[in-house]
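Encoded as structure tokens, the structure appears first; notes follow it.
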Amino acid sequence: MTTPELRLSIRRVAVQRSGGGPFPYPHLEAEAADDHALAAPAHRPPSAPPRVAAPREPVDPARIGRRVVRRRAKGMDAGRHRGGLEDARFDARQASRHEVLADDVRGRAELAEWERIDQLLANAPGTVYDPETDGFVHAELAAEAAAAARRAEQREAARADELQALRELGTLDQAESAEGDESVRDELTRRAGWYVQADVDG
């Protein structure tokens, strides 16, 4: 099969040989014209906007360190807990001698948590440590839940922005479903003044 470029070259050579007269191969001229039209870049619809990266849950070494200490300290009385505290203090002294460990966020958090629990047990003689009854732990969990809710709202808003951009391009029906899209549809409806939208509410 000849390519459009080859057919056009044949045409030019034939015209030169014929002294500029009529093209002696009309079928090749027509085919070359058709192929040239097909080879032309087709009109492409506007590309979809890039997906907006949803905020990820941040890694918190200090929080990890505190939870490790609580799991280890659970069920300990003041005497047993004091042994864990001394071990943590020893580890902190060792870490301070090494530059690479000077900024050990998790290590410092673990030591601080051992010290906090030690004071908690000292104020309640005869008891053992239980994270379930630790008011500080409950407050921390509440704060983490509130932060998680804010991150969920941010992810929902980012997804709504993405779907809104697809709607403006006329390609919303091609969007792949994602977890949480039901809430995102509610957000799009809210942005439209709570009017029913066929491409969202249908």
Side-chain angles (χ1 to χ4, degrees), residues 48-166 172 175-191 194 200-201:
R51 292 183 65 91
V52 180
R56 296 179 178 273
E57 182 175 356
V59 176
D60 187 348
R63 181 178 62 178
I64 294 173
R66 289 191 296 270
R67 290 181 174 178
V68 168
V69 172
R70 292 165 192 164
R71 286 195 296 269
R72 291 182 58 190
K74 184 177 182 179
M76 288 184 176
D77 59 15
R80 291 180 57 204
H81 183 272
R82 183 56 58 89
L85 173 58
E86 292 304 324
D87 289 342
R89 286 173 174 169
F90 175 80
D91 291 341
R93 288 193 298 270
Q94 292 296 106
S96 66
R97 299 174 183 175
H98 301 278
E99 184 177 353
V100 69
L101 298 175
D103 192 27
D104 183 9
V105 175
R106 174 174 167 174
R108 292 199 302 271
E110 288 185 7
L111 176 57
E113 188 67 358
W114 280 112
E115 292 174 338
R116 186 189 70 81
I117 296 174
D118 183 68
Q119 186 63 43
L120 186 67
L121 293 175
N123 293 334
T127 62
V128 296
Y129 178 69
D130 184 1
E132 297 296 330
T133 60
D134 189 337
F136 181 87
V137 173
H138 285 284
E140 185 179 73
L141 292 175
E144 290 175 1
R150 288 193 296 271
R151 288 192 295 271
E153 291 176 357
Q154 292 171 354
R155 288 193 296 269
E156 181 180 299
R159 177 63 172 166
D161 290 341
E162 180 184 352
L163 295 183
Q164 182 64 39
L166 291 174
L172 181 59
E176 297 182 3
S177 299
E179 183 179 355
D181 273 3
E182 189 64 35
S183 298
V184 173
R185 293 190 188 96
D186 292 341
E187 171 62 14
L188 289 177
T189 302
R190 185 193 65 78
R191 293 182 181 185
W194 301 106
V200 171
D201 303 309

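Scope of the values below: all heavy atoms of this structure, side chains included, with no hydrogens, waters or symmetry mates. This structure is a prediction, so every number in the text was calculated from the model and none was measured.
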### Task
Could I get the full list of salt bridge (Lys or Arg N to Asp or Glu O under 4.0 Å) partners for Arg150, not counting sequence neighbours?
none
### Task
Please identify each residue that fulfils side chain to side chain donor-acceptor pair (under 3.5 Å) with Glu86, with sequence neighbours left out.
Arg89
### Query
For residues 142-161, which residue pairs qualify under ring pair (Phe, Tyr, Trp, His ring centres under 6.0 Å), counting only residues two or more places apart or in two chains?
none
### Query
Of all heavy-atom pairs between Ala73 and Trp114, which one has the smallest distance, and what is that distance?
CB-CZ3, 4.0 Å
### Query
Do the non-hydrogen side-chain atoms of Leu85 and Glu115 ever get within less than 4.5 Å of each other?
yes
### Any residue meeting side chain to side chain donor-acceptor pair (under 3.5 Å) with Arg97, in chain and number order, not counting sequence neighbours
Gln94
### Message
The criterion is side-chain contact (heavy atoms from CB on, under 4.5 Å); which residues satisfy it with Arg71, sequence neighbours excluded?
### Response
Arg67, Val68
### Message
So, taking the atom named CG in Asp87 and the one named CZ in Arg82, what distance separates them when rounded to the nearest 0.5 Å?
### Response
12.5 Å
#### Entry: Pairwise ring pair (Phe, Tyr, Trp, His ring centres under 6.0 Å) hits with a residue in residues 119-159, at least two apart
none
### Query
Nearest 0.5 Å, what's the CD-CZ distance between Glu113 and Arg108?
15.0 Å
### Contact list for residues 72-81, test side-chain hydrogen bond (donor to acceptor under 3.5 Å, both in side chains), sequence neighbours left out
none
### Task
Not counting sequence neighbours, which residues clear side-chain contact (heavy atoms from CB on, under 4.5 Å) with Ala160? List them please.
Val184, Glu187, Leu188, Arg191
### Point-to-point distance, once rounded to the nearest 0.5 Å, from CG of Leu111 to CZ of Arg93
9.5 Å
### Task
Among residues two or more places apart or on two chains, list those pairs meeting salt bridge (Lys or Arg N to Asp or Glu O under 4.0 Å) that have a residue in residues 129-143.
Arg66-Glu140, Arg70-Glu140, Arg116-Asp134
